[in-house]
Amino acid sequence: MAIEVINVEKGVPVKSWTVGVPFEDGARQQLKNLASLPFIHKWVAAMPDVHFGKGATIGSVIPTTGAIIPAAVGVDIGCGMMAVKTDVRADQLPDSLKELRSNLERAIPHGGGKARKRDPGAWHDIPEDVGQFWQQQLADRFTVLCDKHPVLKNTNNVKHLGTLGTGNHFIEVCLDEQDDVWIMLHSGSRGVGNRIGEHFIRLAKQEMERFFIQLPDRDLSYLVEGTDYFNDYVEAVDWAQDFARINRQVMMGRALKALAVTLNKPVIVEREAVNCHHNYVQKEHHYDKNVWLTRKGAVSAREGQLGIIPGSMGARSFIVRGKGNAESFCSCSHGAGRVMSRTQAKKVVSVEEHALATAHVECRKDAAVVDETPSAYKNIDAVMAAQSDLVEVVHTLRQVVCVKG
DNA sequence: ATGTTC
């Protein structure tokens, strides 16, 4: 399998799994900027869905030693996917999927802004299961974080645990090649993760000024290992990643319940759930060194490890198994990758075109979701072909219901 | 992506 190598003057190379999936010059420059930093271990890896993003390129894998770039992790800390296979078969689903969609929409707070003015996509009263998860796994550590960083206090935190959010966050009902029914969802650490991200991005920028460090891009501001801010960030980011994982777990429980209520029968989960981040940083070992591995829009793909690569609304999604490709730092893409921005998509694609492209899916087809239309994304088949040495496809899923945030 | 807001 061919990869593209971009050599960077006074920096490490960029190794890019983008043969057959061209990407824009802006993203290329961002990758070069990253590769020019003095603390990158070996090289920067770019996945086939790579595209321009704030801070660092979406679809990049960044191994660092002695520093972390908070803006490379971004503000949607721990954003990722969860999927389960159920014992339900396609022919057991009702002819009209409208009721299933509305049951899912009722079971899981979603959306924001005008849709719910007082409590945008949040719990009004905290359900018991949510309260328990919070108390058992998140509450104490959050108190510690707030003591050191009071700016984290006035956030929605527990009120957002088990809620979907907005934008490209979604819940889907899909069918695999044997017509077995899956539930798949995409969400992150919501408002509180966002606050953590923004806070430490600001601190990193301040640190750069304090030490007179010049960078090709202020969004590459970093925290230095050993400093208090670094230690606090590692704690906070780890907490937000747990919040995101639990968030998806809570929603999955509720989605399965909504499916059971709709079918008026118990629903059994047939295979172990896959729950993977695609926007995160953690300690990993690569090429004889312990490094901080930032995956911004990339999924871990160690040998045998299962991951989820969603296509766009109306396209197919994939359950994949990692091949443990060392050169990619054991990673793969996190989706199809955008070819146009949200604003551009809304300008270029009509509501009618969007409705046509998603005709086979029970989903919203109004102007507000046109930015998620399939033609705003790269061709998922080309993206999968470009990473055939990173993952193998275990299941190909097609959506039948999609709830957008 | 989020929260707030014009």
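In what follows, every chain begins at residue 1, and chains take the letters A, B, ... in the order their sequences are listed. The analysis underlying the following values was restricted to heavy atoms, covering all of them including side chains, and did not include hydrogens, waters or symmetry mates.
- Put simply, A:His160 has no side-chain N or O that comes within less than 4.0 Å of OP1 or OP2 on B:dT2.
- Atom CG in A:Asn157 sits about 11 Å away from atom P in B:dG3, given to the nearest Å.
- When the side chain to side chain donor-acceptor pair (under 3.5 Å) test is applied to A:Asp95, no partner is found at least two apart in sequence or on another chain.
- Computed from coordinates, the A:Arg195 CZ to B:dT2 P distance equals 14 Å when rounded to whole Å.
- Close placement of the A:Phe200 and A:His149 rings is indicated, their centers lying within 6.0 Å of each other.
- Remark: C1' of B:dT2 and CD1 of A:Ile201 are 12 Å apart, rounded to the nearest angstrom.
- Counting heavy atoms from C-beta outward, A:Lys283 and A:Trp292 have side chains that approach closer than 4.5 Å.
- Nearest-nucleotide positions on DNA chain B for A:Gly167 and A:Asn154 put A:Gly167 closer to the 5' end.
- Rounded to whole Å, atom P of B:dG3 lies 14 Å from atom CG of A:Leu152.
- Taken residue by residue, residues 237-249 of chain A places no heavy atom nearer than 4.0 Å to DNA chain B.
- Taking a cutoff of 4.0 Å between a charged side-chain nitrogen and a carboxylate oxygen, A:Arg316 and A:Asp176 do not qualify as a salt bridge.
- Partners of A:His277 by ring pair (Phe, Tyr, Trp, His ring centres under 6.0 Å), not counting sequence neighbours, listed by chain and number: A:Tyr280.
- Look at NE2 on A:His169: it is 5 Å from P on B:dT2, rounded to the nearest Å.
- Base contact: A:Asn194 has a heavy atom under 4.0 Å from a base atom.
- A centroid separation of less than 6.0 Å is found between the aromatic rings of A:Phe39 and A:Tyr222.
- Nucleotide B:dT2 holds its C1' atom 17 Å from the NZ atom of A:Lys404, rounded to whole Å.
- Between A:Ile196 atom CD1 and B:dG3 atom C1' there is a gap of 16 Å when expressed in whole angstrom units.
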